[in-house]
Number of protein chains: 2
Amino acid sequence: MNDSTPSPDAALVSLAVSTVVFALRADSEGESASLRLPLVRRIREPFNGRWALPGGPIDPTEGIERAAGRHLFDTTALSPTYLEQLYAFGGIDRSPSDRVVSIVYWALVRSEEAELAAVGENVRWFAADDLPPLAFDHNAIVEYALWRLRTKVEYSRIAHAFLGEIFTLTELRHVHEAVLRRALDPANFRRQMESSPAVIATGEHLSGGRHRPPRLYRYNGSVELTDRGPLSP
Amino acid sequence: MNDSTPSPDAALVSLAVSTVVFALRADSEGESASLRLPLVRRIREPFNGRWALPGGPIDPTEGIERAAGRHLFDTTALSPTYLEQLYAFGGIDRSPSDRVVSIVYWALVRSEEAELAAVGENVRWFAADDLPPLAFDHNAIVEYALWRLRTKVEYSRIAHAFLGEIFTLTELRHVHEAVLRRALDPANFRRQMESSPAVIATGEHLSGGRHRPPRLYRYNGSVELTDRGPLSP
DNA sequence: CGCTGTTAGAGTCTAAAAGACCCTTACTAG
DNA sequence: CTAGTAAGGGTCTTTTAGACTCTAACAGCG
């Protein structure tokens, strides 16, 4: 009747985690970057051979967020800079065979990090808005994760998770533009960022460029990232 | 390595649902309404005797949202007008005995509905911001649900879930005021609501009051409720 | 009947924010 | 030195939130 009432049927519902990982990667030859995500090819039924989100079962000795990170690292060698719970999917007909409840996370990785990701026969990157038919309900899950990313980038400071510690405002703007798929006015973007306490000018400049050297910024670690869930530090 | 990979350990992690239910109830004698929620007294270890959120295990034949609604109805006889997933809690030390992952929902019920709720020795209503120490991590869960409600009432149309089909703008404003715990300017509130497509004047007036008869409004069912999760209609 | 108290609801003014657009600055490449 | 280009400062307009004011429409009461 309440939490922690183990029932004999519990074993009939299996519990898994999956992660939607976004990275910003330059289109081949094209200038602008676009959102890409790594998928894993399934090597067993159901959906044998189809691409799916990285994930797997939860170990009884680890928290679910750790489980998501572990499966992600095991299959793709990625360790994201941002990881947040997305949703728990528990429809009865998600899987044609057994009953699976999936707790899905979404994550952001830096571009350099994404380069290092294991890629092979069974792991590949896909453009986030042009996916093949995936296993289970994973297409819908990616859609929802995309919606969350696009909504959240407008009011939260998550965009910096795509970048390194230090960045220019133009780089940050390019991240926003790639996520939102529209151009932003450089002057207004600058004004907004500088009025926010989340972004701090380091005082340094980036030298070596072809043009006027831009200021370098870093994120203010003491600014709370709203809505990281109830368990945030 | 992926979804639906049943492992022998799966049975060691049990899966449950719980629900944070909010209703708006008038304080005894006091004028203003306040947020209240029903809790259930635990009748077994761990936390025997403590109050906890209504919930229970997931039946393999039902979806998780249905499971939440079913447990809620079984213990409190409530059927909410609004039900949305809140978060999945899966820390390893949530329960001192076994390992439980809880998928928690939050719900809103109308005041009349709340009156009908089963109340007894083991089911009681508590003021949402003045709770006793609850079982498990349920205090933190309620805190998070309160935060979500207060955040969401500002940009979504969920407030009407506390009211009936037809309501006056003053009633709707009282709901917002109770949730946000601050007074709102009647004129500005009216302007905001009338500029939004979510609220529609019926043309009718509420007669029989002591003063100028207020207009009656209803919610526009065709307006999407944003962020009801990926599985919304 | 008209006065009064009270709530409904319209209107005004200001401050803050978002967006469109322009202009100056500072570098590199030739 | 000049041209090209991105950085970054500024202005103007539109939109929006909020504080505040004023009129409308009832019931109850003398």
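Lettering follows sequence order; numbering is per chain, from 1.
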Requested in this report: Could you tell me whether the phosphate oxygens of D:dA6, OP1 or OP2, come under 4.0 Å of any side-chain nitrogen or oxygen in A:R173?
Outcome: no
Query raised in the report: Between atom CZ in B:R212 and atom C1' in D:dC26, what is the gap in whole Å?
Result: 9 Å
Requested in this report: Strictly below 4.0 Å, heavy-atom distances to any atom of DNA chain D: list the hits from residues 183-197 of chain B, or just say none.
Outcome: B:D185, B:A187, B:N188, B:R191, B:Q192
**Report entry** Sequence-distant partners of B:D74, side-chain contact (heavy atoms from CB on, under 4.5 Å), two or more places apart
**Finding:** B:R70
**Report entry** 4.5 Å side-chain heavy-atom contact, A:Y105 and A:H71
**Finding:** no
Query raised in the report: Would the number of heavy atoms belonging to other residues, nucleotides or ligands and lying under 6.0 Å from CD of B:E165 be above 12?
Result: no
Query - Where chain B begins and ends its contact with DNA chain C, read 5' to 3' at 4.0 Å from heavy atoms - result: C:dG5 to C:dG11
Query raised in the report: Considering residues, nucleotides and ligands other than A:E115, do more than 12 of their heavy atoms fall under 6.0 Å from its CD?
Result: yes
What pairs of nitrogen or oxygen atoms, one from the protein and one from nucleotides 27-30 of chain D, lie under 3.5 Å apart?
from   : atom 1 : to     : atom 2 : distance (Å)
D:dA27 : O4'    : B:R210 : O      : 2.5

Report task. With heavy atoms under 4.0 Å as the rule, sort B:T170 into base, sugar-phosphate or nothing. Result -> sugar-phosphate
Query - Residue A:R50 excluded, over 12 heavy atoms near CZ under 6.0 Å - result: yes
**Report entry** Interatomic distance, A:L146 atom CG to A:I141 atom CD1 [nearest 0.5 angstrom]
**Finding:** 12.5 Å
Taking distance alone, no hydrogens or angles, what donor-acceptor pairs closer than 3.5 Å link side-chain atoms of residues 170-181 of chain B to residues at least two apart or in another chain?
from   : atom 1 : to     : atom 2 : distance (Å)
B:E171 : OE1    : B:T168 : N      : 3.0
B:R173 : NH1    : B:E177 : OE2    : 3.2
B:H174 : ND1    : B:E177 : OE1    : 3.3
B:E177 : OE2    : B:L184 : N      : 2.8

Requested in this report: For A:L206 and D:dG8, give me the distance from atom CG to atom P, rounded to whole Å.
Outcome: 10 Å
Show which side-chain atoms of residues 199-207 of chain A pair as donor or acceptor with protein atoms under 3.5 Å away, not counting sequence neighbours.
from   : atom 1 : to     : atom 2 : distance (Å)
A:T202 : OG1    : A:E204 : N      : 3.1
A:T202 : OG1    : A:L216 : O      : 2.9
A:H205 : ND1    : A:P213 : O      : 3.3

Query raised in the report: Measuring from B:R36:CZ to B:D129:CG, what's the distance to the nearest 0.5 Å?
Result: 9.5 Å
Requested in this report: Let me know which of B:Y217, B:Y219, B:F162 forms a ring-ring contact (aromatic ring centres under 6.0 Å, His included) with B:F167.
Outcome: B:Y219
